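Data first, discussion second: the structure below is written as structure tokens.
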4 protein chains.
Amino acid sequence: MATEFTASVDIDRRLYRHDIAASLVHANMLHRIGVIDINDLHKIQHGLQEILADIESGTMQWSTTYEDVHMNIEVALTERIGEAGKKLHTARSRNDQVVTDMRLWLRDEIDELSTLLHQAQDALLNVAEREVDTLMPGLTHLQPAQPVSAGHHIMAWHAMLVRDRERLADCRRRTNRSPLGAAALAGSSYPVDRQWTAKELDFEQVIDNSMDAVSDRDFVMEFISMAAMLMVHLSRIAEELILWSSLPFSFIELPDTIATGSSIMPQKKNPDVPELIRGKSARVLGNLMSIMTLMRAQPLTYNRDNQEDKQPLFDTVDTVKSCLTICTHKIFPHMRFNRNLTAAMAEKGYTNATDFADYLVGKGLSFRDAYQVTGQVVKEALAHKKSLDSLPVDQLQSIHPQIGEDVYQFLSLKSVVASRDHIGGTAPAQVRAALARARRNSP
Amino acid sequence: MATEFTASVDIDRRLYRHDIAASLVHANMLHRIGVIDINDLHKIQHGLQEILADIESGTMQWSTTYEDVHMNIEVALTERIGEAGKKLHTARSRNDQVVTDMRLWLRDEIDELSTLLHQAQDALLNVAEREVDTLMPGLTHLQPAQPVSAGHHIMAWHAMLVRDRERLADCRRRTNRSPLGAAALAGSSYPVDRQWTAKELDFEQVIDNSMDAVSDRDFVMEFISMAAMLMVHLSRIAEELILWSSLPFSFIELPDTIATGSSIMPQKKNPDVPELIRGKSARVLGNLMSIMTLMRAQPLTYNRDNQEDKQPLFDTVDTVKSCLTICTHKIFPHMRFNRNLTAAMAEKGYTNATDFADYLVGKGLSFRDAYQVTGQVVKEALAHKKSLDSLPVDQLQSIHPQIGEDVYQFLSLKSVVASRDHIGGTAPAQVRAALARARRNSP
Amino acid sequence: MATEFTASVDIDRRLYRHDIAASLVHANMLHRIGVIDINDLHKIQHGLQEILADIESGTMQWSTTYEDVHMNIEVALTERIGEAGKKLHTARSRNDQVVTDMRLWLRDEIDELSTLLHQAQDALLNVAEREVDTLMPGLTHLQPAQPVSAGHHIMAWHAMLVRDRERLADCRRRTNRSPLGAAALAGSSYPVDRQWTAKELDFEQVIDNSMDAVSDRDFVMEFISMAAMLMVHLSRIAEELILWSSLPFSFIELPDTIATGSSIMPQKKNPDVPELIRGKSARVLGNLMSIMTLMRAQPLTYNRDNQEDKQPLFDTVDTVKSCLTICTHKIFPHMRFNRNLTAAMAEKGYTNATDFADYLVGKGLSFRDAYQVTGQVVKEALAHKKSLDSLPVDQLQSIHPQIGEDVYQFLSLKSVVASRDHIGGTAPAQVRAALARARRNSP
Amino acid sequence: MATEFTASVDIDRRLYRHDIAASLVHANMLHRIGVIDINDLHKIQHGLQEILADIESGTMQWSTTYEDVHMNIEVALTERIGEAGKKLHTARSRNDQVVTDMRLWLRDEIDELSTLLHQAQDALLNVAEREVDTLMPGLTHLQPAQPVSAGHHIMAWHAMLVRDRERLADCRRRTNRSPLGAAALAGSSYPVDRQWTAKELDFEQVIDNSMDAVSDRDFVMEFISMAAMLMVHLSRIAEELILWSSLPFSFIELPDTIATGSSIMPQKKNPDVPELIRGKSARVLGNLMSIMTLMRAQPLTYNRDNQEDKQPLFDTVDTVKSCLTICTHKIFPHMRFNRNLTAAMAEKGYTNATDFADYLVGKGLSFRDAYQVTGQVVKEALAHKKSLDSLPVDQLQSIHPQIGEDVYQFLSLKSVVASRDHIGGTAPAQVRAALARARRNSP
């Protein structure tokens with residue numbers, strides 16, 4: 001029973017490709033420093049390549065008796081090539097081996113994730129471009145605040161993913177460092193060439209302390225932190241998709257492919273996929289908490305607790321990749337704005353009130369006084385169930401004498417949006433400029 | 001009651017200095033673009049400087065009636081300078097104002113924290129240098145594994161803090177961006193010069209989407225993530241200080257200043273400060289969970305939920321700074337190794353067994369076979385309560401014939417440690433080289 | 001500096017009343033078992049009562065020099081009454097003292113919280129009663145599903161709080177146990193009468209293992225878990241209040257006292273209080289994570305880490321109490337349903353479609369077939385922008401011949417709601433019965 | 001791709017047994033209220049039993065096309081029995097179905113877990129009984145404090161598990177309530193007999209609000225909270241096992257079956273299983289955070305986010321069960337105390353110092369003064385590397401004149417332990433009494 005309890009091969013065998021790659025480089029290095037001869041090296045190379053082929057074709061016999069991916073492969077190698085196989089583990093330990101594998105594996109996943117992020121960004125740029133001139137109510141506190149370009153709103157989503165990719169690149173740098181040669185914890189009594197193995201495995205640098213090399217899991221914590229922020233972003237986007245496609249909002253239509261019906265209510269079209277994305281963000285937050293609390297009070301160097309670092313890491317990678325992929329291919333390209341309805345809601349929400357106040361500032365009122373006057377105008381409009389720009393000028397002047405005919409030109413949604421005409425503003429010209437910059441910066 | 005419930009001034013008034021700094025630059029910009037005249041600008045400048053002086057001298061009257069730090073200052077300004085004060089809020093909103101303040105405040109704290117990290121690293125380098133030749137058992141699974149230089153172990157702590165400072169610098173870059181001019185969410189209808197205000201406030205760039213500018217709290221999430229990892233490190237260090245100073249270990253003595261007695265047991269000397277550091281790491285993990293879950297499902301743009309972003313941020317900054325400071329000044333310089341006891345424990349733990357196996361590999365055995373033989377040697381030694389190097393050679397040869405007199409030279413702790421003589425290894429020469437590199441890279 | 005770092009009196013002095021209460025009982029017991037004479041007891045009683053008065057009148061001089069609330073009071077006592085004061089700590093330790101204080105304090109807070117929960121429930125019952133006949137769309141996936149009584153919906157909120165109060169009572173039982181007499185960890189060499197002190201302090205039982213008594217913080221973890229679930233409930237309620245009061249929904253009006261305006265947008269009325277409640281739930285989740293990770297890897301018995309148990313506990317109690325209070329007094333009694341708008345949205349969402357299918361089942365179709373047919377009917381209605389009950393019968397029959405004139409009687413919202421006429425169903429009669437049961441079960 | 005993204009059958013098919021059980025009762029009820037005839041009922045019963053047999057024999061064809069366990073079974077049923085199969089879903093919805101299944105499933109798991117907890121308690125009682133007279137240093141702050149009976153220490157572990165079982169029973173009550181009949185959210189238009197189905201399924205009560213019934217996941221949150229506390233306990237126990245079996249402590253020997261060797265260091269015996277338990281507690285804390293944050297901001301009633309409630313629940317149940325089982329069978333019965341070493345460490349730690357002070361109190365000193373004097377005695381003993389009871393009486397008297405020959409009788413570990421002779425104290429007689437009570441209360 002204890003064997004079953006401690007065995008990890010069902011989870012960590014996912015590292016097989018990187019385990020073999022690292023073993024090949026390690027064997028090569030052992031030969032270079034004279035620890036194994038050329039025959040043994042060739043046998044090891046041959047054996048490992050055969051094992052790789054077996055694994056990929058599904059004929060490898062994995063066994064919990066040999067605990068983990070490393071021992072399974074080593075045992076298979078020795079069965080295959082005899083004595084030479086037993087020499088492979090010279091000058092290394094499972095402690096540096098497992099963390100070398102994890103770093104190589106995660107580096108590949110980071111690269112894939114970076115591509116997925118880039119694709120998601122592209123998909124958003126396309127939506128933004130299509131919707132630059134779509135008017136919708138920008139919300140604060142879920143209440144209409146000021147009208148914005150829908151393209152501008154989508155570009156805010158894009159900005160989140162840009163930061164995610166920056167953070168991912170930072171995380172890659174710190175992941176891509178070689179612990180190999182740290183052995184159990186103290187380094188090796190063989191003259192191992194750590195720089196050579198690092199270079200062969202495309203690591204950017206050697207981790208400069210053997211005890212740190214085997215005990216550090218910062219790269220896992222940092223990756224999951226980054227992924228948690230990314231999932232917070234996808235969750236916020238999902239939240240908006242759910243809101244916007246709700247019947248009362250009806251800002252957008254979601255494609256049938258990501259919505260499902262009810263088992264009992266024939267009229268239903270539920271935004272299942274965004275809801276699941278929102279739900280899966282909770283899972284990644286849980287993974288973050290797991291890995292942080294796992295590492296929190298461990299003395300150096302390696303402790304078996306760390307076997308539990310793989311589950312949250314693997315699960316996080318899988319979750320993030322699937323959520324990003326479905327956003328890019330099934331959601332973003334297919335969301336359709338109900339442009340009339342978004343504009344109508346912006347009107348209804350008096351989103352041009354700030355501009356009314358700004359108009360009064362132009363007439364010489366201080367902003368705080370203008371704000372007070374506009375409040376009264378909005379009340380008047382509400383009482384008559386009218387929009388601001390359909391109140392007659394004499395009615396306006398009875399509230400404040402300096403309001404003139406020229407006020408109306410500032411009050412259409414279109415002119416309100418167009419007036420935010422500075423870098424980062426929602427004016428269509430600015431949104432187009434932002435789009436161009438985004439495409440330029442991330443070709 | 002609702003006023004008391006929603007007021008935040010008791011917490012956010014901590015931002016006063018940065019709020020005033022940003023207001024001064026905003027006012028200047030308003031003048032530059034012709035929104036306020038030079039007289040009003042001078043009044044505002046004067047008024048804000050007086051308010052700053054009042055706050056720092058403790059004579060400012062804060063009131064929850066005005067909710068937050070921003071309104072308190074604006075009200076005080078208008079009381080002082082009249083009409084001109086009401087103009088300051090033109091072309092901005094509390095939404096861009098609060099996040100500008102937070103970014104400026106956090107940037108300063110990051111810089112201070114970076115200095116504290118550097119000082120802590122220096123303190124560790126001094127300990128490491130002093131203890132390069134101290135021998136102690138390196139532990140895996142809390143069991144003696146191989147002997148290491150105590151200086152090498154301390155350098156593993158140092159390596160953690162080096163990564164923390166890297167991450168802090170990355171976080172600073174993403175913090176140091178200007179949201180000012182985003183106004184409520186859509187930008188301003190005034191021709192605000194966002195690049196100019198950004199430059200004046202030493203921001204590295206302008207945030208390129210107004211909706212993102214007011215809704216993004218990534219910099220808070222990223223900072224607390226970074227801080228949580230840092231606290232995980234301090235907690236791991238604390239865990240070792242507690243273990244090492246426990247009576248059974250007795251590896252080190254802690255200074256009396258960080259230990260306290262018992263209210264009832266006169267013989268006690270408790271490692272209170274490391275225990276508190278370990279405890280406080282839990283607090284920062286909690287803060288991380290708060291901020292992540294806070295942001296997770298918020299639709300854009302600003303929601304009042306975000307008032308709750310300050311408490312975890314402020315608490316995290318305070319906690320990390322106090323923990324680092326006490327480590328640097330009260331713990332690291334004063335911990336003393338019981339060098340005889342650490343060496344004795346390394347002996348007792350057969351930490352030279354790996355080298356015995358390596359010796360056999362040198363005689364031609366494969367590592368796996370050498371490992372088996374050494375296992376028998378250790379059993380024999382245990383049975384006779386002897387160290388490996390005090391077993392006579394004929395007894396050793398009865399276990400395996402290839403063991404010769406030359407084995408003993410490999411078995412002293414000193415030679416075992418010295419043999420890990422490659423980059424990152426625990427050989428004193430390597431530890432000294434690592435120290436030199438560390439001092440060079442972070443002058 | 002270390003003194004400042006380790007001192008906790010600024011936080012734990014909140015326990016003063018319970019600390020003094022426990023000391024009085026302890027002193028009494030010491031006299032009963034002959035450890036202190038009657039004169040000393042009287043001096044201690046007198047001294048402690050004076051100190052209590054000083055604290056409550058604000059004249060107590062707290063000092064971080066004496067670390068915590070316990071030492072501050074003991075020092076003040078000895079200054080006041082001399083030698084007798086030094087005897088008070090006989091046969092106890094700060095280890096059992098602090099946890100006795102915390103349990104007494106939390107017990108009182110639990111009782112207060114239980115009252116607050118009861119008041120909140122009452123407030124909800126009043127809303128539910130008022131809105132039994134209000135029709136609104138019940139939502140799944142944020143989409144209209146079936147019409148419900150608004151009172152029924154409010155009763156779902158009530159049900160959450162009923163469970164919270166059950167859990168609170170369970171938690172009280174486990175909190176209300178006496179650790180006093182456990183002393184440092186092993187019990188006392190004096191013949192302390194633990195049952196007597198427990199009884200005097202109204203504890204339900206004595207904790208039956210001295211080591212457990214000083215190291216256990218389950219009552220804190222359990223309380224914060226309970227509180228986190230309660231905050232999840234308030235957060236879900238807040239989420240609905242925010243949604244329902246958003247312009248597109250407009251299901252309810254929130255009172256002005258809990259909404260605030262914008263600093264720049266004169267038309268805004270933001271649901272600040274519900275947003276803050278939602279935000280504060282994140283804070284309590286963070287506290288839960290703190291306390292759990294704090295306790296997770298501590299060896300027995302008391303470790304200084306536990307000083308950090310107070311901050312999350314106190315903060316949780318304060319947060320929960322203020323959120324519940326504001327719900328009870330400022331939100332629940334003042335929310336107003338826009339009854340026409342909720343009914344209209346239920347119509348618009350085809351929430352009677354399930355009943356259309358059920359009608360067909362009555363005609364002999366299997367539910368799965370009926371579901372298919374109804375789907376087509378809904379499509380037809382959508383295409384003609386009509387409600388189900390305004391489609392003419394021949395149009396319906398062209399979709400399925402068994403549809404007859406009798407279908408219309410099943411399709412009004414009122415009859416749909418009334419038809420859910422079993423225990424727990426949304427029929428007004430059932431809601432009224434549920435209300436009556438609720439009032440009966442919790443008078 | 002979206003199908004794959006949303007399908008949950010790979011995870012939720014674990015509920016098959018309870019899904020079928022609930023369907024059988026539902027079908028029966030449908031027949032009782034006249035919705036289906038006896039033939040259809042028999043077909044459904046037959047069909048479901050065949051499907052159950054197929055699943056248990058591994059011949060069921062699960063398909064992600066049908067999303068989840070419920071649809072897979074319903075589709076299989078209709079394939080098998082035709083029209084009658086389509087009638088099963090009358091008067092219910094997946095919303096009440098899934099949560100009925102989960103409650104039934106969890107109730108069974110709770111019962112199993114309760115048994116496992118009881119067995120673990122029994123295993124601890126046996127250890128405690130065996131070690132009542134074993135003397136060891138009781139630790140606070142990981143430093144020797146006072147000597148205790150090892151049996152007493154083990155009973156502190158037992159006390160944790162007793163509370164866990166109490167909480168589990170409370171959680172069972174709130175889990176064991178029937179949501180069946182709530183249908184989608186509003187109840188059913190059929191006259192469903194919810195009380196009858198509840199009784200048939202052994203539920204203790206009917207959930208009294210249909211909207212609450214389908215949206216509430218308190219039972220999942222409460223269960224995982226309870227499990228997290230249980231894992232905190234196992235983690236604290238594991239922490240002590242790791243410490244106690246470390247070479248410096250050597251308080252206990254762990255069985256070879258739960259320790260593993262190193263891949264490179266032949267002398268190692270690592271406490272892998274306790275380390276994994278400690279590690280797995282982090283996983284359950286992560287699950288707790290997931291479920292709490294998942295539920296935190298969901299509006300009523302059912303949202304697809306809740307598909308993500310199963311992974312953390314299932315994983316928690318599996319983790320807790322495997323950890324408890326291995327403790328009960330592989331760890332507790334086989335841990336062996338090194339009784340001489342524990343006693344020696346208690347001596348070395350001056351754990352009798354409190355009793356020295358108590359002796360002085362007996363001579364008339366106040367406790368605080370006695371504490372000071374004893375501090376000097378300990379210093380003197382340390383300086384001479386002697387135990388307190390080997391300092392000659394004249395040397396003691398030079399520190400305080402009232403110390404007499406009678407002091408020695410109070411200083412042996414045995415008498416120190418025996419003197420804590422009150423309920424909950426560590427005196428062997430008290431530990432035996434506690435053991436007897438424990439066996440009596442939980443036969």
Side-chain angles (χ1 to χ4, degrees), chain A residues 83 86-87 89-90 138 140-141 145-146 148 153 155-156 159 163 170 182 184-187 189 192 194 206 208-212 218 221 225 228-229 232 235-236 239-240 243 278 281 285 289 292 295-303 355 358 361 366-368 419-420 422-426 434, chain B residues 83 86-87 89-90 138 140-141 145-146 148 153 155-156 159 163 170 182 184-187 189 192 194 206 208-212 218 221 225 228-229 232 235-236 239-240 243 278 281 285 289 292 295-303 355 358 361 366-368 419-420 422-426 434:
Chain A
E83 279 301 295
K86 296 188 192 167
K87 293 180 185 168
H89 208 56
T90 317
T140 61
H141 308 265
Q146 294 174 350
V148 294
H153 193 130
M155 287 300 283
R163 279 192 299 280
D170 291 342
L185 79 158
S189 62
V192 292
R194 297 187 65 202
V206 163
D208 193 359
N209 182 291
S210 59
M211 300 181 78
D212 181 49
D218 279 14
M221 291 193 283
S225 295
M229 283 180 258
V232 166
S235 175
R236 297 187 75 175
E239 178 79 12
E240 299 205 304
L243 280 171
R278 191 174 60 180
S281 71
L285 291 208
M289 201 36 52
M292 289 271 183
M295 298 308 299
R296 193 183 73 93
Q298 280 190 47
L300 302 189
T301 58
Y302 182 83
N303 304 289
D355 292 71
D358 285 341
V361 171
S366 73
F367 183 77
R368 280 287 166 238
S419 73
R420 268 81 184 152
H422 53 74
I423 188 165
T426 192
Chain B
E83 279 301 295
K86 296 189 192 166
K87 294 180 184 169
H89 208 56
T90 317
T140 61
H141 309 266
Q146 293 173 351
V148 294
H153 192 130
M155 287 300 284
R163 279 191 300 279
D170 290 343
L185 79 158
S189 62
V192 292
R194 296 187 65 203
V206 163
D208 193 359
N209 183 291
S210 61
M211 299 182 78
D212 181 49
D218 279 15
M221 290 193 283
S225 294
M229 283 181 258
V232 166
S235 176
R236 296 187 76 175
E239 177 80 12
E240 299 204 305
L243 280 172
R278 192 173 60 181
S281 71
L285 290 209
M289 198 37 52
M292 289 270 183
M295 299 308 298
R296 193 183 73 92
Q298 280 189 47
L300 302 187
T301 56
Y302 181 83
N303 304 289
D355 292 72
D358 286 341
V361 171
S366 75
F367 183 77
R368 280 287 167 238
S419 72
R420 268 78 184 157
H422 53 76
I423 188 168
T426 193

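Everything numeric in this text was worked out from a predicted model, so none of it was measured. Letters go in sequence order (proteins before strands), and every chain restarts at 1.
Taking 4.5 Å as the limit, some side-chain heavy atom of A/Ser225 sits within range of a side-chain heavy atom of B/Met229. Side-chain contact between A/Arg236 and B/Arg296 is absent, with no heavy-atom pair separated by less than 4.5 Å. Between A/Arg420 and B/Ser210 the shortest side-chain heavy-atom distance does not fall below 4.5 Å. Taking the side chain as every heavy atom from C-beta outward, B/Asp212 and A/Arg163 approach each other to under 4.5 Å. Side-chain contact check for B/His141 versus A/Tyr302: some heavy-atom pair is nearer than 4.5 Å.
In this structure, A/Ala434 and B/Asp208 approach most closely via the heavy-atom pair CB-OD1, 4.2 Å.
When heavy atoms are compared at a cutoff of 4.5 Å, B/Asp355 approaches chain A solely by way of its side chain, counted from C-beta outward. Residue B/Ala182 does not touch chain A at all, counting heavy-atom pairs closer than 4.5 Å. Only the side chain of B/Leu243 comes within less than 4.5 Å of a heavy atom of chain A; its backbone N, CA, C and O stay farther away. With a 4.5 Å cut-off on non-hydrogen atoms, B/Glu240 touches chain A through its side chain but not through its backbone. For chain A, the nearby parts of B/Val192 are the backbone and the side chain; heavy atoms of each come within less than 4.5 Å. Heavy atoms closer than 4.5 Å to chain A are found in the side chain of B/His422, but not in its backbone.
Interface summary for chain B: among A/Met221, A/Glu239, A/Lys87, the most heavy-atom pairs under 4.5 angstrom belong to A/Glu239. For the set B/Asp218, B/Asn303, B/Thr301, the count of heavy-atom pairs under 4.5 angstrom toward chain A peaks at B/Asp218. Ranking A/Ala184, A/Ala156, A/Ala145, A/Gly425 against chain B, the residue ahead of the rest is A/Ala156, based on heavy-atom pairs under 4.5 Å. Between chain B and the options A/Gly138, A/Ala186, A/Ser235, heavy-atom pairs under 4.5 Å are most frequent for A/Ala186. Between chain B and the options A/Val148, A/Val232, A/Asp170, the largest number of non-hydrogen pairs under 4.5 Å is found for A/Asp170. Each of B/Glu83, B/His153, B/Met295, B/Arg278 has some count of heavy-atom pairs under 4.5 Å with chain A, and the biggest count is that of B/His153. Most heavy-atom pairs under 4.5 Å with chain B: of the set A/Thr90, A/Val206, A/Val361, A/Ile423, this distinction falls to A/Ile423.
Atoms CG and OG1, from A/Leu185 and B/Thr426 in turn, are 8.0 Å apart once rounded to the nearest 0.5 Å.
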